[in-house]
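As structure tokens, the structure follows; a few thoughts come after it.
Order of appearance sets the numbers: ligands from 1, and atoms from 1 within every ligand.
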Amino acid sequence: MIGGGQAGLAAGFYLRRTGLDFVILDAQDDPGGAWLHGWESLRLFSPAQHSSLPGWPMPATGTEYPSAIHVVDYLTAYEKRYELPVHRPVQVEGVHRGGARLRVDTGQGSWLAKRVISATGTWWQPYLPHYPGRAAFQGRQLHTVEYRTPDELRGRRVVIVGGGNSAAQILADLSGLLGTHVTWVTRRPPRLLPDHVDGRALFDIATRRRAALLNGDGSGDGGVAGLGDIVAVRPVRAARDRGVLKARPLFGHLTKTGVGWPDGAHLDCDVIIWCTGFRPALRHLAPLRLGDRQGHIPVAATRAIGEPRLHLVGYGDWTGPASATLIGAGMNARDAVDVIARDLGARPVHRVRAAG
Ligand code: FAD
């Protein structure tokens with residue numbers, strides 16, 4: 001297994017039940033995956049009991065939605081509880097075909113594996129779209145992954161780019177700061193989910209989609225079309241009620257001092273925060289030459305079509321509905337381990353409740 005974040009741990013949980021021999025190689029010094037790096041005020045968009053990995057529910061928190069630190073504590077305890085064999089820090093440099101087994105090369109030697117599960121997430125591959133003039137802009141540009149606290153941007157004129165949860169939460173964070181001027185730009189008008197809809201509803205939709213896919217219905221229910229994209233967690237609701245959750249259309253180019261629109265409008269700014277998403281972190285799989293133009297690896301369920309000994313878990317809907325969420329990672333991991341157990345003649349994986 002490559003990657004010891006939530007997806008890797010969920011797969012480890014199921015692998016334990018098969019009796020197969022496995023290791024989890026993780027590049028970081030500490031448990032917690034991407035949750036170690038979120039901004040200070042980051043909140044989950046589901047309550048704890050709906051953000052659990054298989055087997056052991058996430059402990060409740062005093063607040064409506066848990067913080068990133070709470071998730072790190074949960075993943076740390078989860079790893080210990082199930083005695084998962086995580087080796088860290090071990091950076092996987094490349095996976096190679098080498099006879100009957102795949103060879104996993106790391107800075108600390110190589111492993112030979114009958115099967116490899118890649119669960120390296122997306123945080124490590126931030127995506128910044130190309131805009132004319134981006135190199136000319138003399139202010140500061142940062143991606144979601146570099147944002148920590150609003151204080152470091154106090155008194156600045158900030159442009160936030162992107163119409164998703166990260167952008168809305170960072171806008172909410174910054175807009176409460178005296179002296180900071182924030183402009184939000186999105187490709188299409190931002191769509192806020194109704195207050196009563198949170199990650200639980202999104203997960204129910206993903207579960208229906210998975211059932212449809214298992215029944216051979218490829219169309220399924222692809223998402224929350226018509227509902228919206230942004231979960232109205234408390235700070236976002238407060239920002240909406242303050243009237244600051246308003247976006248301008250996306251600019252067309254950057255200048256030395258700011259951003260410009262095709263109609264000639266211009267806005268000077270000091271900082272641009274690109275909340276423009278991520279790509280899967282798959283560089284270690286490059287030697288297998290499986291990637292497509294989108295940077296994905298074509299899969300049938302979780303198995304790579306071009307390399308049947310490789311499974312991908314946790315990267316997003318293309319590896320399984322809601323697989324890039326805490327609760328969805330469990331279903332995705334079980335699907336992968338199920339196939340591996342059958343392939344290798346190991347004990348089958350039985351269904352385990354994901355949440356308490
Ligand atoms: P990661 O957490 O990124 O873990 C991957 C691990 O693999 C890391 O430890 C990394 O160091 C390691 N790794 C990477 N490359 C290598 C390599 N070559 N060799 C060895 N190790 C490697 N989900 C929810 O369920 N609820 C939410 O409210 C929610 N909010 C989110 C908010 C934000 C801003 C973001 C970005 C995501 C959010 N998510 C949420 C989505 C999701 O839960 C996270 O993206 C999650 O961290 C993905 O888990 P993972 O295990 O797939 O990857």
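The local environment of CZ in Arg283 is sparse, with at most 12 non-hydrogen atoms from other residues, nucleotides or ligands closer than 6.0 Å.
Between Leu174 and Tyr147, the closest side-chain pair of non-hydrogen atoms falls below 4.5 Å.
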Kindly indicate, with the supporting measurements, whether the criterion side chain to side chain contact (heavy atoms under 4.5 Å, CB included) is fulfilled by Arg188 and Asp229. CA-CA 11 Å; Arg188 54 173 192 194; Asp229 307 307; 3.0 Å; yes

Could you walk me through whether Trp261 and Leu267 pass the side chain to side chain contact (heavy atoms under 4.5 Å, CB included) check? CA-CA 9 Å; Trp261 282 264; Leu267 178 75; 3.7 Å; yes

Quick one: do Thr183 and Phe251 satisfy side chain to side chain contact (heavy atoms under 4.5 Å, CB included)? Show the steps, please. CA-CA 11 Å; Thr183 305; Phe251 48 76; over 6 Å; no

Could you walk me through whether Asp343 and Arg303 pass side chain to side chain contact (heavy atoms under 4.5 Å, CB included), step by step? CA-CA 12 Å; Asp343 277 3; Arg303 198 203 282 271; 3.2 Å; yes

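Closer than 4.0 Å to atom 35 (C) of ligand 1 lies none of the heavy atoms of the protein. At a distance under 4.0 Å, a protein heavy atom can be found next to atom 12 (C) of ligand 1.
The closest approach between Ala119 and ligand 1 falls below 4.0 Å for a heavy atom of the residue. Within the 4.0 Å heavy-atom cutoff, Ala324 counts among the residues contacting ligand 1. Within the 4.0 Å heavy-atom cutoff, Ser51 does not count among the residues contacting ligand 1.
Residue nearest to atom 10 (C) of ligand 1, selected from Trp123, Trp124, Trp35: Trp124 (by heavy-atom distance). The closest non-hydrogen atom to atom 29 (C) of ligand 1, taken over Phe45, Tyr65, Tyr147, comes from Phe45. The heavy atom nearest to atom 14 (C) of ligand 1, considering only Val145, Thr120, Leu75, Thr144, is found in Thr120. For atom 24 (C) of ligand 1, the choice among Leu326, Val92, Leu36 with the nearest heavy atom turns out to be Leu326.
Looking at Thr122 and Tyr127, their side chains never bring a donor and an acceptor atom within 3.5 Å of each other.
Using a 4.0 Å cut-off to heavy atoms of Gly314, the atoms of ligand 1 that qualify are 52 (O). Near Leu25, the atoms of ligand 1 lying under 4.0 angstrom from a non-hydrogen atom of the residue are 20 (C), 21 (N). Listed by number with element, the atoms of ligand 1 under 4.0 Å from a non-hydrogen atom of Asp26 are 6 (C), 7 (O), 8 (C), 9 (O), 10 (C), 11 (O), 12 (C), 21 (N). In summary, the atoms of ligand 1 found under 4.0 Å from a heavy atom of Val90, numbered by their order in the structure, are 19 (N), 20 (C). Those atoms of ligand 1 that come under 4.0 Å of a heavy atom in Gln28, given as number and element, are 8 (C), 9 (O), 11 (O). Taking every non-hydrogen atom of Gly33 and a distance limit under 4.0 Å, the qualifying atoms of ligand 1 come out as 2 (O), 4 (O), 8 (C), 9 (O). In the vicinity of Gln91, heavy-atom distances shorter than 4.0 Å reach the ligand 1 atoms 17 (C), 18 (N), 19 (N). Listed by number with element, the atoms of ligand 1 under 4.0 Å from a non-hydrogen atom of Gly5 are 4 (O), 6 (C), 51 (O).
Considering backbone and side-chain N/O atoms, Gly8 never comes within less than 3.5 Å of an N/O atom of ligand 1. For ligand 1, one of its N or O atoms has an N or O atom of Ala34 under 3.5 Å away. Remark: ligand 1 and Trp39 share no N or O pair separated by less than 3.5 Å (distance only, no angle test). Here's the thing with Ala27: one of its N/O atoms is less than 3.5 angstrom from an N/O atom of ligand 1. The shortest N or O to N or O distance between Ser46 and ligand 1 is not under 3.5 Å. Residue Gln6 has at least one N or O atom closer than 3.5 Å to an N or O atom of ligand 1.
Ring centroids of His284 and Trp124 are separated by 6.0 Å or more, keeping the two rings apart.
Residue-level proximity to ligand 1 for Tyr315 is absent, since no heavy atom of it falls below 4.0 angstrom. When heavy-atom distances to ligand 1 are checked against a 4.0 Å cut-off, Ile2 comes that close only through its side chain, counted from C-beta outward. Counting heavy atoms under 4.0 Å from ligand 1, residue Ala281 does not touch it at all.
Nearest protein heavy-atom contact of atom 7 (O) of ligand 1 is Gly3 CA, 3.2 Å. Shortest contact from atom 23 (N) of ligand 1 to any protein heavy atom: Thr325 CA, 3.7 Å. Distance from atom 32 (C) of ligand 1 to its nearest protein heavy atom, with residue and atom name: Leu42 CD1, 3.9 Å. The protein heavy atom nearest to atom 53 (O) of ligand 1 is Gly121 CA, 3.3 Å.
Heavy-atom minimum distance, Ser52 versus Met58: OG-N, 2.8 Å. The two atoms that bring Ile230 and Gly163 nearest to each other are CD1-O, 3.4 Å, heavy atoms only. Between Tyr315 and Ser118 the shortest heavy-atom distance is OH-OG, 2.8 Å.
Put simply, the residue from Asp30, Asp29, Asp26 that forms a salt bridge (charged side-chain N to carboxylate O under 4.0 Å, His left out) with Arg88 is Asp26. Results of the side chain to side chain donor-acceptor pair (under 3.5 Å) test with Trp274 over His143, Glu146, Gln141 single out Gln141 as the only residue that passes.
Taking the six-membered ring for Trp and thresholds of 30 and 60 degrees, Tyr74 and Trp56 have ring planes inclined between 30 and 60 degrees apart. Relative orientation of the Phe13 and Tyr82 rings is perpendicular, given thresholds of 30° and 60° on the angle between their planes.
Listed by chain and number, the residues in a salt bridge (Lys or Arg N to Asp or Glu O under 4.0 Å) with Arg156 amount to none (sequence neighbours excluded).
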For residues 241-249, which side-chain donor-acceptor pairs fall under 3.5 Å, sequence neighbours excluded?
from, atom 1, to, atom 2, distance (Å)
Arg242, NH2, Ser175, OG, 2.7
Lys246, NZ, Gly243, O, 3.3

